[in-house]
**Student:** 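Shown below is the structure under consideration.
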Amino acid sequence: MKLYHGTNEQFDDFRLPHEPVNYEYYGPALFFSSNYDVAKYYGHQVIEVDIPDSVIDVRVDAKGEVIRCVDGVPEMIKTGGIIAIENVLDANLYGRQFQHFDLPDTEVGEYKYFHYYILNNKWKTKQEMDDETKKLDSAGIAYKKSYDKILRKYHIYTLNYLTKEQAIAAFNAGADVKKGMCKTPETATTVIFAGQKALDILNFVKNAKKQG
């Protein structure tokens with residue numbers, strides 16, 4: 001299995017971090033992805049390794065969820081080994097699949113999965129801002145507004161996503177409301193190397209490739 005690891009560090013051999021890296025990492029381990037773009041999201045230098053399936057100790061199906069939603073990951077990392085979590089939804093794959101559509105659209109092409117309602121937060125002139133806030137006031141929608149001195153434009157936004165009822169009320173009042181939708185989420189396999197034995201296998205594979 002070809003795997004990729006993104007990093008901004010320079011080193012000869014992999015080493016386990018002393019502390020968890022980022023909030024979603026549950027212990028000292030190294031994280032690789034089967035998707036190059038996922039790895040590149042985490043560092044400008046992408047290191048490729050190719051490991052045989054036979055060295056994988058545990059396989060888990062994430063079922064399209066992010067790693068933090070998969071039960072037992074901290075315990076598996078604490079136990080150690082090479083852990084393959086399949087069908088993982090990663091942040092940069094997730095974000096690239098979002099688009100905003102007009103409220104009445106139920107589904108648009110591949111974009112079928114609804115996530116939230118928002119105001120269309122484009123910059124506005126003073127007149128546009130006044131017109132929009134009157135519509136929001138009539139719909140009973142709480143909002144904030146800001147002014148950019150450089151652009152000389154106004155920005156209207158809500159502190160939280162709108163509920164369906166709020167979105168419909170704002171839309172019926174003529175306000176510019178959008179709904180966020182995404183495609184069927186693209187997933188990848190995340191492989192976690194935890195513990196000294198897993199680290200030794202990783203460095204052996206890496207150095208074998210370097211030596212040709």
Side-chain angles (χ1 to χ4, degrees), residues 1-99 107 110-116 180-212:
M1 179 191 299
K2 282 190 177 180
L3 298 171
Y4 305 94
H5 178 79
T7 180
N8 292 319
E9 296 183 21
Q10 297 293 330
F11 53 84
D12 293 323
D13 287 329
F14 285 106
R15 60 189 183 278
L16 293 174
H18 295 296
E19 299 291 337
V21 181
N22 296 333
Y23 73 93
E24 70 268 36
Y25 293 171
Y26 304 105
L30 293 168
F31 289 69
F32 285 70
S33 177
S34 62
N35 188 303
Y36 179 90
D37 290 334
V38 171
K40 195 166 181 61
Y41 180 81
Y42 294 100
H44 66 268
Q45 178 188 189
V46 177
I47 301 170
E48 176 187 323
V49 297
D50 195 349
I51 66 168
D53 288 347
S54 59
V55 303
I56 295 174
D57 298 299
V58 180
R59 290 182 181 273
V60 179
D61 188 352
K63 299 179 180 179
E65 298 285 355
V66 294
I67 287 183
R68 65 178 176 271
C69 293
V70 178
D71 291 335
V73 173
E75 291 76 17
M76 286 185 278
I77 290 176
K78 187 175 181 179
T79 300
I82 300 177
I83 307 149
I85 303 183
E86 300 166 336
N87 298 317
V88 172
L89 182 61
D90 198 273
N92 63 325
L93 295 180
Y94 190 58
R96 284 179 3 197
Q97 298 188 63
F98 264 97
Q99 293 287 345
E107 59 182 53
E110 295 178 89
Y111 294 86
K112 299 180 181 179
Y113 295 87
F114 165 76
H115 284 264
Y116 52 72
M181 298 169 68
C182 77
K183 299 178 183 179
T184 302
E186 182 183 351
T187 62
T189 296
T190 295
V191 177
I192 305 171
F193 294 81
Q196 189 60 47
K197 181 181 176 182
L199 183 66
D200 291 342
I201 293 173
L202 176 59
N203 280 320
F204 176 82
V205 171
K206 175 180 180 289
N207 293 326
K209 179 183 178 183
K210 185 191 298 184
Q211 294 167 7

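As the structure is a computational prediction, the values presented were derived from the model and not from experiment.
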**Student:** Looking only at heavy atoms, what is the nearest atom pair of Leu16 and Pro28, with distance?
**Tutor:**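 Smallest heavy-atom distance, with atoms named: CD2-O, 4.0 Å.
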
**Student:** Which pair of heavy atoms, one from Ala188 and one from Asn35, lies closest together, and at what distance?
**Tutor:**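 Ala188 and Asn35 have their closest heavy atoms at CB-CB, 3.7 Å.
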
**Student:** In the structure I gave you, are the side-chain heavy atoms of Val73 and Ile83 within less than 4.5 Å of one another anywhere?
**Tutor:**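 Not in contact.
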
**Student:** When rounded to the nearest 0.5 angstrom, what is the spacing between OH in Tyr4 and OG in Ser34?
**Tutor:**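 Rounded to the nearest 0.5 Å, the OH-OG separation comes to 8.5 Å.
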
**Student:** If the condition is side-chain contact (heavy atoms from CB on, under 4.5 Å), which residues does Asp53 pass it with, not counting sequence neighbours?
**Tutor:**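 With sequence neighbours excluded, Asp53 shows a side-chain contact (heavy atoms from CB on, under 4.5 Å) to Met1, Ile56, Arg59, given in chain and number order.
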
**Student:** Quick one: does His5's side chain have a donor or acceptor within less than 3.5 Å of a partner on Phe31's backbone?
**Tutor:**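 Confirmed, His5 side chain pairs with Phe31 backbone.
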
**Student:** Tell me if the CD atom of Gln45 is crowded by more than 12 foreign heavy atoms within 6.0 Å.
**Tutor:**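 For Gln45, atom CD is crowded (more than 12 foreign heavy atoms under 6.0 Å).
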
**Student:** Without placing hydrogens or testing angles, list every side-chain donor-acceptor pair under 3.5 Å for residues 190-201, not counting sequence neighbours.
**Tutor:**
from, atom 1, to, atom 2, distance (Å)
Gln196, NE2, Asp200, OD1, 2.8

**Student:** So, taking the atom named CG in Leu202 and the one named CG in Asn207, what distance separates them when rounded to the nearest 0.5 Å?
**Tutor:**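 It is 9.0 Å, given to the nearest 0.5 Å.
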
**Student:** Please find the pair of heavy atoms, one from Arg15 and one from Phe11, that lie closest to each other, and give the distance.
**Tutor:**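 Looking at all heavy atoms of both residues, the closest pair is NH1-CB, 3.6 Å.
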
**Student:** If I compare all heavy atoms of Val58 with all of Met76, which pair ends up nearest, and what's the gap?
**Tutor:**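 Reported closest heavy-atom pair: CG1-SD, 3.8 Å.
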
**Student:** Does a sphere of radius 6.0 Å around CG in Asn8 hold more than 12 heavy atoms from other residues, nucleotides or ligands, not counting ones at 6.0 Å or beyond?
**Tutor:**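 Result for CG/Asn8: enclosed.
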
**Student:** Starting at OH of Tyr42, measure out to OG of Ser33 and round the result to the nearest 0.5 Å.
**Tutor:**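 Tyr42 atom OH to Ser33 atom OG measures 8.5 Å (nearest 0.5 Å).
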
**Student:** How far does CD1 of Ile47 sit from OG1 of Thr7, to the nearest 0.5 angstrom?
**Tutor:**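 Reported to 0.5 Å precision, the distance equals 6.0 Å.
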
**Student:** How many angstroms lie between atom NZ of Lys206 and atom CD of Glu48, to the nearest 0.5 angstrom?
**Tutor:**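 Rounded to the nearest 0.5 Å, the NZ-CD separation comes out at 12.5 Å.
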
**Student:** Compare all side-chain heavy atoms of Lys63 with those of Asn87 and state whether any distance is below 4.5 angstrom.
**Tutor:**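 A side-chain contact is absent here, since even the closest heavy-atom pair is not under 4.5 Å.
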
**Student:** Could you check if a side-chain atom of Cys69 sits within less than 4.5 angstrom of a side-chain atom of Val66, using non-hydrogen atoms only?
**Tutor:**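 The answer is yes, as the side chains (C-beta and beyond) meet within the 4.5 Å cut-off.
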
**Student:** Look at atom CZ of Phe204 and say whether more than 12 heavy atoms of other residues, nucleotides or ligands are closer to it than 6.0 Å.
**Tutor:**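 For Phe204, atom CZ is not crowded (no more than 12 foreign heavy atoms under 6.0 Å).
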
